[in-house]
Amino acid sequence: MDNKTCLKNLTEEEIKEFLKSIGEKAFRGSQIFSWIYKGAKSFDDMNNIPKALREKLEEVSYIGNLDVELKLESKIDGTRKYLFLLNDGNIIESVMMEYEHGVTVCISNQVGCRMGCRFCASTIDGLLRNLEPWEILDQIIQIQEDIGKRVSNIVLMGSGEPLDNFDNTKQFLKLVNEKNGLNIGYRHITLSTCGVVPKMYELADLKIPINLALSLHSPFDKSRKEIMPIANAYSIKEVIDACKYYIESTNRRVTFEYSLIKGVNDSIDDANQLSKILKGMLCHVNLIPINKVEERDYEKPDKTYVYKFRDMLNEKNIPATIRREMGADINGACGQLRRKHK
């Protein structure tokens, strides 16, 4: 498939241009685009496309389909975890969570990750490769098909760093917002980054009103460097400045993801310093008691510490909530199921 064009990588207008480039009429592009989002797995499914054109498309292009390798459903809350098999034999994972306000999917952006955050299972084997836009998109299409419901919210919080796969992420954002495609509004999309500062500015300059989530995990540079290698490249001040620029550019609130680790970043000092650096920002803190990863020595703090940390932030006018744990019985945390399966 190396020299074939993947149609699921293209917007409706881009498919029309592709059709014209192979000597066909542009309106066929809209028909093909529509079939892709109806879940067509092959060109033969497209019964209003002439046979000669279907044969031609087979020679020069492909649709792009992921295969479900494994699916687990939580007996606790109905959360579903998917392992998808890529065309090259690699595996990625996605999570579907159903809330009162609709269906949220957490999707992967890379096979593995090279950011090296010490509490995360996704990064243990490093980065194998970037996902193409269609491979990011098809996770949502396949999940919608499986559950028979529309996905209303997307979080780019699965394996990988979206800003380390920036060009493909930008194209994915265009695709997922297509009016005749999935048509998911930008305000229903959250992109999580560990703080690739130059790309945060580039993302802000796109003026796309998606939600930004920044993995902070410590308000002190020394401690953050121990938890997250990216902190050796960009200081907390640089990361916070980039977040402020994002807020100014998009008028969107930034969420700070803060994984609470017993004895590492859950002290009164940590809470006080965190409230100082976030003071006056349009932001929200999402506290995440970490999940135990077998290959790591970090532990989850006691619940009373977690509540105390949240209350201290709220008292200082920093909105903070504790993330509800979903799919605890099916390795719901990022990267765990893929590693076990491998």
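Heavy atoms only: backbone and side chains are in, while hydrogens, waters and symmetry mates are out. A quick note: this is a predicted structure, and the numbers were derived from the prediction, not measured. Along the sequence shown, the residues carry numbers beginning at 1.
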*Between N65 and W134, what is the shortest heavy-atom contact and its length?*
N-CZ3, 3.3 Å
*asked:* Regarding K51 and E55, does a basic nitrogen lie under 4.0 Å from an acidic carboxylate oxygen?
replied: yes
*Side chains of R118 and Y298: do they bring a donor and an acceptor to under 3.5 Å?*
yes
*Considering non-hydrogen atoms only, spot the tightest contact between M200 and A242 and give its length.*
CE-CB, 3.7 Å
*State, to 0.1 Å, how close P229 and G116 come at their nearest heavy-atom pair, and which atoms those are.*
CD-O, 3.3 Å
*Please report the shortest heavy-atom distance between S223 and V264, naming the atom on each side.*
OG-O, 4.0 Å
Listed pairs under 3.5 Å, donor-acceptor, residues 137-147 side chains, sequence neighbours left out:
| unit_1 | atom_1 | unit_2 | atom_2 | d |
| --- | --- | --- | --- | --- |
| D138 | OD1 | K8 | NZ | 2.6 |
| D138 | OD2 | L66 | N | 2.8 |
| D138 | OD2 | Q142 | NE2 | 3.0 |
| Q139 | OE1 | S94 | OG | 2.7 |
| Q139 | OE1 | S108 | N | 2.9 |
| Q139 | NE2 | S108 | O | 2.9 |
| Q139 | NE2 | E135 | O | 3.1 |
| Q142 | NE2 | L66 | O | 2.8 |
| Q144 | OE1 | V151 | N | 2.8 |
| E145 | OE1 | K41 | NZ | 3.1 |
| E145 | OE2 | K41 | NZ | 3.2 |
| D146 | OD1 | K71 | NZ | 2.9 |
| D146 | OD2 | K71 | NZ | 3.3 |
| D146 | OD2 | R80 | NH1 | 2.8 |
| D146 | OD2 | Y82 | OH | 2.6 |

*Distance only, no hydrogens: is a donor on one side chain within 3.5 Å (strictly under) of an acceptor on the other, for N168 and N165?*
yes
*L214 and T255, any side-chain heavy atoms less than 4.5 Å apart*: no
_Criterion ring pair (Phe, Tyr, Trp, His ring centres under 6.0 Å) on Y37 and F33, from CA distance to verdict_ = CA-CA 7 Å; Y37 288 89; F33 184 84; 4.7 Å; yes
_Do E12 and N180 pair up side chain to side chain, a donor and an acceptor below 3.5 Å, judged on atom types alone?_
yes
*By side-chain contact (heavy atoms from CB on, under 4.5 Å), which residues pair with E13, not counting sequence neighbours?*
T11, K16
*Has N251 got more than 12 heavy atoms of other residues, nucleotides or ligands less than 6.0 Å from its CG?*
no
*Crowded around K207 NZ? As in, over 12 foreign heavy atoms under 6.0 Å?*
yes
_Test your reading of the model: is there a side-chain donor-acceptor pair from E257 to the backbone of I288, 3.5 Å cut-off?_
no
*asked:* Is there a side chain to side chain donor-acceptor pair (under 3.5 Å) between S235 and E238? Walk through the geometry before answering.
replied: CA-CA 5 Å; S235 68; E238 288 174 294; 3.3 Å; yes
*Hey, is CZ on R114 packed in by over 12 heavy atoms from elsewhere, all under 6.0 Å?*
no
In residues 99-106, what donor-acceptor pairs under 3.5 Å come from side-chain atoms, sequence neighbours left out?
none

*asked:* Within the structure provided, determine whether V197 and V239 are in side-chain contact (heavy-atom separation under 4.5 Å).
replied: yes
*So do R150 and I184 actually touch side chain to side chain, heavy atoms under 4.5 Å?*
yes
*Taking all atoms of both residues into account, what is the closest heavy-atom pair of Y234 and G195, and its distance?*
CD1-O, 3.3 Å
*Identify the heavy atoms of M228 and S215 that sit nearest to each other, and give their distance.*
CE-O, 3.4 Å
*Is any NZ, NE, NH1 or NH2 atom of the basic residue among E178 and K174 found under 4.0 Å from an Asp or Glu carboxylate oxygen of the other?*
no
*Check against side chain to side chain contact (heavy atoms under 4.5 Å, CB included), L57 and I32*: CA-CA 10 Å; L57 287 169; I32 291 161; 3.6 Å; yes
*Residues D77 and T79: side-chain donor-acceptor under 3.5 angstrom*: yes
*Are side-chain N/O atoms of N48 and W35 paired as donor and acceptor at under 3.5 Å?*
yes
*Just wondering, are more than 12 heavy atoms of other shown residues or ligands nearer than 6.0 Å to CG in L85?*
yes
*Would you say the side chains of D164 and Q110 form a donor-acceptor pair under 3.5 Å?*
yes
*Mind checking the NE2-OG spacing from H217 to S259? Nearest 0.5 Å is all I need.*
4.0 Å
*Minimum side-chain heavy-atom gap K20-E24 below 4.5 Å*: no
*Evaluate the ring planes of Y245 and Y201, with Trp represented by its six-membered ring, and classify them as parallel (under 30°), tilted (30 to 60°) or perpendicular (over 60°).*
tilted
*asked:* As a quick check of understanding, evaluate side chain to side chain donor-acceptor pair (under 3.5 Å) for E132 and N9, giving each step before the final call.
replied: CA-CA 8 Å; E132 288 186 46; N9 268 339; 2.8 Å; yes
*Could you verify whether a donor N or O on one side chain and an acceptor N or O on the other, from N109 and E161, lie under 3.5 Å apart?*
no
_Ion pair check, K56 and E59, cut-off under 4.0 Å_ = no
*asked:* Can a side-chain donor-acceptor contact be found between T304 and D302 if the only test is distance below 3.5 angstrom?
replied: yes
*Given the side-chain rings of Y258 and F309, with only the six-membered ring counted for Trp, is the space between their centroids under 6.0 Å?*
yes
*asked:* Taking R224 first and then D221, would you say they form a salt bridge - that is, a charged N and a carboxylate O separated by under 4.0 Å?
replied: no
*Keeping the roles fixed (side chain from R323, backbone from P289), state whether a donor-acceptor pair exists under 3.5 Å.*
no
